[in-house]
Number of protein chains: 2
Amino acid sequence: MRKKESTDYANEQSLFTICERNSAISMISGRWKGQIVYYISQGNDRFHLLQQKLPNISETVLARQLKELETHAILVKREIPNTVPTGIKYILTNKGVDLVPILDSLCSWGKLYADGKKIVVPAENRVGANAKAVAKPVS
Amino acid sequence: MRKKESTDYANEQSLFTICERNSAISMISGRWKGQIVYYISQGNDRFHLLQQKLPNISETVLARQLKELETHAILVKREIPNTVPTGIKYILTNKGVDLVPILDSLCSWGKLYADGKKIVVPAENRVGANAKAVAKPVS
DNA sequence: GCAATAACTGACAAAATTGTTAGTGATCAA
DNA sequence: TTGATCACTAACAATTTTGTCAGTTATTGC
């Protein structure tokens, strides 16, 4: 449980007020979350299906990650009628569905550079490129 | 320092091999990283400028976050000639520049729902909707 | 009666991240 | 000589995240 008096908590909250970027990042941070959202978007919408897809996750941890995603309204749980024992379906909300293409773009971005795209310093950013970098001794 | 024998480390590595989405998320996770990348993209490219923008971050923590961003080649450090003491400029690489619009889209996504966009379960995903055709690529 | 199933929860331990404190070197201004 | 600046680093403590183990509910099949 979070300590509401910790510096870490206070810093996190202040970042959340600066920009939603920071709360968005915190919602998708977490060992398995991005992959879980992706798998659900692909139709693996049951607990045991997610376990099959992620053979190294434990039940406890999967349940915890799903609950956090639910807390952030990225998904909802629904009981499946007439199943024994009662089955649960994990369903992406519109918020979760909207997240998927952003995760895809993160994926492409990572892949591009992992696949060898040259990493360079754009010309306009180089030291000496603009007048702002005038060397000036302190005070 | 990471323990290379831990379950956590092994799980992280296996997620990295499943999809670059997971390494991308880990590169931007971290209390201050998204905001730092944004501020640098806005021209706050010096250590002390970032400190001004983030008054609650300590020098140690800022240095650490910058070093991690450098490790992932999102930015590079360059000495500014003829400055005393020697100034350092933080420069986004092309990889870092490409990340900025993705962070922006995370920001918009977060803001949309924080500002009150209704959260609903899309009709085609509701329990009882017709059996979904399961398309599933490798990831 | 016993095991199997689906989907969990609580308590705790291990590990990782974040924050704190103290210190560095070179240079200049007072 | 003292103090200020810039941009750090090392060592350690606090906090958070992740993983592990045991147990739960309700039903059905053998």
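For the numbers below, each heavy atom of this structure counts, side chains included, while hydrogens, waters and symmetry mates do not. The structure displayed is predicted, hence computed values, not measured ones. Labels below follow one simple rule: chain letters A, B, ... track the order of the sequence lines, proteins then strands, and each chain is numbered from 1.
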Working note: B:Y39 + B:D45, criterion side-chain hydrogen bond (donor to acceptor under 3.5 Å, both in side chains); need CA distance, chi angles, decisive distance, verdict.
CA-CA 8 Å; B:Y39 282 144; B:D45 55 4; over 6 Å; no

All N/O pairs under 3.5 Å across the protein-nucleotides 28-30 of chain D interface:
none

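- Within the 4.0 Å cut-off from OP1 or OP2 of D:dT5, not a single side-chain nitrogen or oxygen of B:H48 is found.
- The separation between A:E12 atom CD and C:dT18 atom C1' is 11 Å, rounded to whole Å.
- In this structure, CD of B:Q52 is placed 14 Å from C1' of D:dA7, rounded to the nearest angstrom.
- Projected onto DNA chain D by closest heavy-atom contact, B:G87 and B:R31 fall at different nucleotides, the more 5' of which corresponds to B:G87.
- Across the protein-nucleic acid pair, A:L62 atom CG and D:dC21 atom C1' stand 17 Å apart, rounded to whole Å.
- For B:T86, the side chain to side chain donor-acceptor pair (under 3.5 Å) criterion is met by no residue, not counting sequence neighbours.
- Considering only heavy atoms from C-beta on, A:L92 comes within 4.5 Å of A:V37 through its side chain.
- Under 4.0 angstrom from either OP1 or OP2 of D:dT18 there lies at least one side-chain N or O belonging to A:Q65.
- If you take CZ of B:R46 and P of D:dT5, they are 14 Å apart, rounded to a whole angstrom.
- Here D:dT17 is the nucleotide among C:dA6, D:dA7, D:dT17 with the atom lying nearest to any side-chain atom of A:R2.
- Computed from coordinates, the A:L54 CG to D:dT18 C1' distance equals 15 Å when rounded to whole Å.
- Atom pair B:K67:NZ and C:dG19:C1' shows a separation of 17 Å (rounding to whole Å applied).
- Legend: residues meeting salt bridge (Lys or Arg N to Asp or Glu O under 4.0 Å) with A:K95, ordered by chain and number and at least two apart, are absent.
- Using a 4.0 Å heavy-atom cutoff across all strands shown, B:K4 reaches no nucleic acid atom at all.
- In terms of the salt bridge (Lys or Arg N to Asp or Glu O under 4.0 Å) criterion, residue partners of B:R31 (sequence neighbours excluded) are, by chain and number, A:D8, A:E12.
- Residues passing the side chain to side chain contact (heavy atoms under 4.5 Å, CB included) test with A:E20 are A:S23, B:K111, B:A114, sequence neighbours excluded.
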Expected string for nucleotides 20-26 of chain C under the B/S/- scheme (protein heavy atoms, under 4.0 Å, primed atoms plus P, OP1, OP2 as sugar-phosphate) is BBB----

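- Closest-nucleotide positions on DNA chain D for B:A63 and A:I57 were compared, and the one nearer the 5' end corresponds to B:A63.
- Atom-to-atom, CE of B:M1 to C1' of C:dA14 comes out at 19 Å; the value is rounded to the nearest Å.
- No more than 12 heavy-atom neighbours from other residues, nucleotides or ligands sit within 6.0 angstrom of CG on A:N82.
- A:W32 has no side-chain polar atom (N or O) that falls below the 4.0 Å cut-off from OP1 or OP2 of D:dT17.
- Considering only the side chain of A:I88, C:dA7 comes nearest among C:dA16, C:dA7, C:dT9.
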For residues 65-77 of chain B, dump all side-chain donor-acceptor pairs below 3.5 Å to protein atoms at least two apart in sequence or in another chain.
| from | atom 1 | to | atom 2 | distance (Å) |
| --- | --- | --- | --- | --- |
| B:E68 | OE1 | B:K33 | NZ | 2.6 |
| B:T71 | OG1 | B:K67 | O | 2.9 |
| B:H72 | ND1 | B:E68 | O | 3.2 |

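- In this structure, CG of A:D8 is placed 9 Å from P of D:dT15, rounded to the nearest angstrom.
- Here B:S58 pairs with B:T60, B:V61 under the side chain to side chain contact (heavy atoms under 4.5 Å, CB included) rule; sequence neighbours left out.
- Not counting sequence neighbours, B:S108 has no partner by the side chain to side chain contact (heavy atoms under 4.5 Å, CB included) test.
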